[in-house]
Amino acid sequence: ALSEQTNAVVTLNKNSGVAQFVKFPHTNPMELAGNSAYDKSMSFLENHKGIYALENVSQSFIHKGTETDNYGFKKVVLIQVHKGVPVFDGKLMFHFNNQDRLTAINGNYIPGIKTNAVPSVSEYHASSIALETVHHQNINFSGAPLVVYESKLYIFQEGITEGYRGAHHLVYKIEIRNDADVREYI
């Protein structure tokens, strides 16, 4: 319906079947209701939920930010969340011209997540396991102490980096480093 209404070119993700790229004609960018580029992005999602298989727009995204370049073009970045937990690689970017009209949308939305968003393993325990795992890799040639630099909880879809759609898991992404010769993500 969006393509017929606006002449937009909609490219679907071959694994999920949801929109991956939407490009509006240069001569006819989409005008949307809203006071800001963010409001307009949310308005688009509310009115076109079907292209992303969205159920609840306001609970599916957090606003990472809006950037304006020196030409007045804006980019709104929305991070996908499930029950408040960020979804790994779940991000939509809305591109607006200098008249605040939507010219394109790109990114990745992962539909159908039903995973429990409450971890059964504490962040402390997961970090301890990650430290021990990196220690046993025998890659710390400098001998500098390994530390947990960052730990973040995510919903991760199996196969996302290999190009297939697998199960969803609640995971910690943990960065272990020593600021000398080790920087590993577990």
Side-chain angles (χ1 to χ4, degrees), residues 1-115 117 150 152-171 173 175 185:
L2 179 65
S3 295
E4 291 82 29
Q5 295 167 357
T6 64
N7 290 324
V9 175
V10 179
T11 305
L12 300 179
N13 180 298
K14 65 180 177 165
N15 297 313
S16 66
V18 301
Q20 182 173 315
F21 185 70
V22 179
K23 174 76 173 132
F24 296 95
H26 178 70
T27 56
N28 192 25
M30 188 173 206
E31 194 161 347
L32 294 162
N35 294 324
S36 67
Y38 167 73
D39 291 341
K40 292 176 184 215
S41 301
M42 296 304 281
S43 172
F44 177 88
L45 289 172
E46 282 293 346
N47 292 317
H48 301 283
K49 291 178 184 179
I51 68 169
Y52 294 106
L54 282 166
E55 293 174 18
N56 186 317
V57 173
S58 64
Q59 292 180 3
S60 297
F61 298 98
I62 56 172
H63 182 209
K64 182 176 181 188
T66 301
E67 303 168 7
T68 305
D69 69 15
N70 17 346
Y71 298 105
F73 296 172
K74 293 181 180 144
K75 177 174 74 173
V76 174
V77 179
L78 301 178
I79 302 297
Q80 182 183 358
V81 293
H82 171 70
K83 297 183 181 176
V85 176
V87 176
F88 183 82
D89 199 35
K91 174 170 60 173
L92 293 180
M93 292 167 284
F94 289 75
H95 304 273
F96 293 87
N97 65 15
N98 58 7
Q99 297 170 342
D100 282 343
R101 292 191 175 148
L102 185 60
T103 60
I105 306 164
N106 68 299
N108 197 22
Y109 177 78
I110 300 168
I113 299 171
K114 304 288 185 214
T115 303
E150 184 178 39
K152 188 158 176 107
L153 191 63
Y154 282 99
I155 301 290
F156 181 80
Q157 179 179 301
E158 244 179 86
I160 191 85
T161 57
E162 290 87 14
Y164 71 90
R165 189 172 175 195
H168 302 112
H169 302 281
L170 186 65
V171 301
K173 177 184 174 190
E175 181 180 355
Y185 293 93

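Throughout, numbering of the chain's residues begins at 1 and tracks the sequence. Below, all heavy atoms of this structure are taken into account, side chains as well, without hydrogens, waters or symmetry copies.
The backbone N or O of Leu2 sits nowhere less than 3.5 Å from a side-chain atom of Gln5 that would complete a donor-acceptor pair. Looking at Ser43, its side chain never comes within 3.5 Å of a backbone N or O of Asp39 through a donor-acceptor pair. In terms of modelled atom types and a separation under 3.5 Å, the side chain of Ser3 and the main chain of Ala8 share a donor-acceptor contact. In this structure, the side chain of Asn13 does not engage the main chain of Val18 through any donor-acceptor pair within 3.5 Å.
Separating the CG atom in Leu45 from the CD1 atom in Ile105 is a distance of 7.0 Å, to the nearest 0.5 Å. For the atom pair Met93 CE and Asn108 CG, the distance stands at 9.5 Å (nearest 0.5 Å). Put simply, CG on Leu54 and NE2 on His48 are 12.0 Å apart, with the number rounded to the nearest 0.5 Å. Considering OH of Tyr71 and CZ of Phe73, their distance stands at 8.5 Å, rounded to 0.5 Å.
Between Asn28 and Thr6 the shortest side-chain heavy-atom distance does not fall below 4.5 Å. At a threshold of 4.5 Å between non-hydrogen side-chain atoms, the residues Lys173 and Tyr185 count as touching. Contact check for Leu102 versus Lys40: no side-chain heavy atoms found under the 4.5 Å cut-off. Residues Leu78 and His63 form a side-chain contact, since some pair of their non-hydrogen atoms from C-beta on lies under 4.5 Å apart. Between Pro86 and Lys64, the closest side-chain pair of non-hydrogen atoms is not below 4.5 Å. Here the side chains of Ile110 and His168 are in contact, with some heavy-atom distance below 4.5 Å. Contact check for Leu92 versus Tyr52: side-chain heavy atoms found under the 4.5 Å cut-off. Contact of the Ile113 side chain with the Gln157 side chain is not registered, since no non-hydrogen atoms from C-beta on lie closer than 4.5 Å.
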Chi angles and distances behind the side chain to side chain contact (heavy atoms under 4.5 Å, CB included) call for Tyr109, Ser60: CA-CA 10 Å; Tyr109 177 78; Ser60 297; 4.1 Å; yes
Please step through side chain to side chain contact (heavy atoms under 4.5 Å, CB included) for the pair Phe24 and Asn97, ending with a clear verdict. CA-CA 11 Å; Phe24 296 95; Asn97 65 15; over 6 Å; no
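Residue Glu162 places its CD atom among more than 12 non-hydrogen atoms of other residues, nucleotides or ligands, all under 6.0 Å distant. Dense packing is recorded around CG of Asp69, with more than 12 heavy atoms of other residues, nucleotides or ligands lying under 6.0 Å away.
For the side chain to side chain donor-acceptor pair (under 3.5 Å) criterion with Lys74, the lone passing option out of Thr103, Asp100, Thr66 is Asp100. Of the listed residues (Val171, Leu170, Thr115), just one forms a side chain to side chain contact (heavy atoms under 4.5 Å, CB included) with Val85, and that residue is Leu170.
Annotation for Lys49 and Glu55: closest pair NZ-O, 3.5 Å, computed over non-hydrogen atoms. The two residues Pro29 and Arg101 have their closest heavy-atom pair at CB-CB, 3.7 Å. Among all heavy-atom pairs drawn from Gln59 and Val81, the shortest one is O-CG2, 3.5 Å. Considering every non-hydrogen atom in both Asn56 and Ser58, the closest pair reads OD1-OG, 3.0 Å.
Within the structure, salt bridge (Lys or Arg N to Asp or Glu O under 4.0 Å) pairs that include any residue of residues 75-96 comprise Glu67-Lys75 (at least two apart or interchain).
Using the six-membered ring where Trp is involved, Phe94 and Phe96 have ring planes that are parallel, under 30° apart on the 30 and 60° scheme.
With sequence neighbours excluded, the residues satisfying side-chain hydrogen bond (donor to acceptor under 3.5 Å, both in side chains) with Glu158 are His169.
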